[in-house]
Amino acid sequence: MSSISLRQIKKSFAGLTILRSVDMEIEKGEFIVILGPSGCGKSTLLNVIAGLDDCDDGQIVIDGRDVIGLEPSQRGLAMVFQSYALFPAMTVRRNLSFGMEIAGTPKAEIVDKVAWVAKLLQIEPLLERKPSQLSGGQRQRVAIGRALVRSSSICLFDEPLSNLDAKLRAETRVELKQLHETLKSTMIYVTHDQIEAMTMADRVAVMHKGKVEQFAHPQSIYEKPASLFVAGFVGSPAMNFLDGRLDGAGRFITGDIAIDVSAYAFEAKQGAGEAVLGVRCEDITVTERGVPGSLPATLAFTELLGADALGWFDCLGKRFSTRLGIEAARAMKGEVGLTFDMGKASLFSKDTEQRL
Ligand SMILES: Nc1ncnc2c1ncn2[C@@H]1O[C@H](COP(=O)(O)OP(=O)(O)OP(=O)(O)O)[C@@H](O)[C@H]1O
Ligand SMILES: [Mg+2]
């Protein structure tokens with residue numbers, strides 16, 4: 001178990017800024033997920049932490065020791081790469097055991113660990129094959145196994161499950177999470193996948209354009225997104241947004257409609273000005289048309305999802321999603337009203353795009 005402090009990490013490639021001042025305090029044994037769109041700098045950040053890339057500025061402190069300038073091997077961490085980076089000439093068994101052999105691990109322990117990880121990742125029948133004789137998903141599992149057998153106090157994972165099929169992905173997700181409970185190593189896990197982020201993380205760092213926009217418990221990221229970007233990126237279907245203006249007297253005005261926002265918990269004192277109102281599909285109630293405080297909407301279509309359904313409505317020139325029960329979705333038609341639960345909604349400044 002190790003603690004990791006990232007302080008004002010900056011990195012550019014050929015004059016292009018990739019990481020702009022990343023700060024993160026990671027506690028011993030935490031499972032951190034870094035979530036963000038393609039190209040936002042996730043892999044770059046992992047490579048900098050691992051020492052595979054130098055940063056231009058900033059400090060990386062592991063267990064109180066500044067590791068800038070230290071070789072990757074001196075940083076005491078294991079990494080699973082986005083591209084698996086297996087040794088092509090070695091069998092799967094050898095790929096798994098090699099790191100332990102170098103580290104002088106006793107033979108019996110190596111045999112035990114290889115057997116354990118091969119069972120865990122369901123690669124026992126593949127142990128005598130070479131990487132070229134494996135599918136992408138199988139290679140990925142070998143790469144995960146190779147990191148796990150090293151029992152490092154820090155494990156870095158770069159999208160380790162992206163090539164697995166849905167079933168194996170869900171199983172491996174649970175295994176990795178359980179493994180974290182057992183090993184208690186500090187884990188930093190990069191993914192595009194929101195379900196992985198929500199289910200695995202103690203805390204999620206949402207990255208956007210080389211910056212951490214929010215670093216918090218997954219539930220608070222979902223419920224109280226710190227910025228318009230986080231609100232739009234996290235959650236499926238995406239949060240519904242409405243442009244308008246706060247009048248400073250507890251009302252959000254959009255067109256000729258005023259929505260009472262007195263139930264909203266403002267971060268600071270409520271001001272007036274241009275704002276964006278965001279509401280998740282499960283926080284919208286469908287009512288009869290004309291109910292006071294409701295927005296006029298017209299049903300566009302419904303989607304049955306098995307356990308529940310989504311209703312899609314045209315409302316004030318936008319398409320809104322709402323979560324419905326199956327029976328309600330089947331019976332839904334025509335002209336309705338939509339009411340927002342303002343206790344659960346989000347308001348953002350149009351200007352700064354930050355939560356109000
Ligand atoms: N060695 C390099 N030289 C120049 N540019 C690079 C280099 N490595 C990465 N970049 C650029 O830095 C940006 C961030 O790349 P990075 O690989 O960190 O993104 P990412 O968030 O991991 O994306 P993905 O989700 O697609 O893996 C990209 O625009 C990429 O083109
Ligand atoms: Mg990447």
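Start at 1 and go down the list; that is how both ligands and their atoms are numbered. These numbers come from the heavy atoms of this one structure, side chains and all, not from hydrogens, waters or symmetry mates.
Using a 3.5 Å distance cut-off with no hydrogens or angles, the side chains of T105 and E109 do not pair a donor with an acceptor. Side-chain contact of E159 with T191: a donor-acceptor pair under 3.5 Å is absent, judged by distance alone. A donor-acceptor contact closer than 3.5 angstrom is absent between the side chains of S3 and E27. Side-chain N/O atoms of T186 and E30 include no donor and acceptor closer than 3.5 Å. S346 and R355 are linked by a side-chain donor-acceptor pair at a separation below 3.5 angstrom, with hydrogens and angles left out of the test. For the residue pair D314 / T298, no side-chain donor-acceptor distance below 3.5 Å is found, with atom types taken as modelled. A side-chain N or O of D260 and one of S262 form a donor-acceptor pair less than 3.5 Å apart. Residues S12 and D56 have side chains that bring a donor and an acceptor to within less than 3.5 angstrom of each other.
Below 4.0 Å from some heavy atom of H192 lie the following atoms of ligand 1, by number and element: 25 (O). Close approach to G41 involves these atoms of ligand 1, each under 4.0 Å from a residue heavy atom: 14 (C), 18 (O), 19 (O), 20 (P), 21 (O). The atoms of ligand 1 that sit less than 4.0 Å from any heavy atom of E159 are 25 (O).
Regarding atom 25 (O) of ligand 1, its nearest protein heavy-atom neighbour is K42 NZ, 2.7 Å. Here the heavy atom of the protein found nearest to atom 14 (C) of ligand 1 is G39 O, 3.4 Å. In terms of protein heavy atoms, atom 24 (P) of ligand 1 is closest to S38 OG, 3.6 Å. Looking from atom 17 (O) of ligand 1 to the surrounding protein, the closest heavy atom is S43 CB, 3.6 Å. Nearest protein heavy-atom contact of atom 27 (O) of ligand 1 is Q82 NE2, 2.9 Å. Given atom 30 (C) of ligand 1, the protein heavy atom at minimum distance is I18 CD1, 5.0 Å.
G36 does not count as a contact of ligand 1, since none of its heavy atoms falls under 4.0 Å from the ligand.
Taking a distance limit of 4.0 Å, we find that atom 6 (C) of ligand 1 is approached by some protein heavy atom. Protein heavy atoms are found less than 4.0 angstrom from atom 12 (O) of ligand 1.
For ligand 1, the polar-atom distance check against C40 finds a nitrogen or oxygen pair separated by under 3.5 Å. Close N/O approach between F13 and ligand 1 is not found [any backbone or side-chain N/O within under 3.5 Å].
Cation-pi geometry between R203 and F215 is satisfied (NZ or CZ under 6.0 Å from the ring centre, within 45° of the ring normal).
Residue T44 holds the heavy atom nearest to atom 18 (O) of ligand 1 of all those in V190, D158, T44.
Applying the 6.0 Å contact sphere to CG of D54 captures no more than 12 heavy atoms from other residues, nucleotides or ligands.
Contacts between M207 and ligand 1 below 4.0 angstrom, taking non-hydrogen atoms only, are absent altogether.
Distance check for S43 against the Mg ion (ligand 2): an N/O/S atom falls below 2.8 Å.
Between E335 and R289, at least one side-chain nitrogen of the basic residue sits less than 4.0 Å from a carboxylate oxygen of the acidic one, meeting the salt-bridge criterion.
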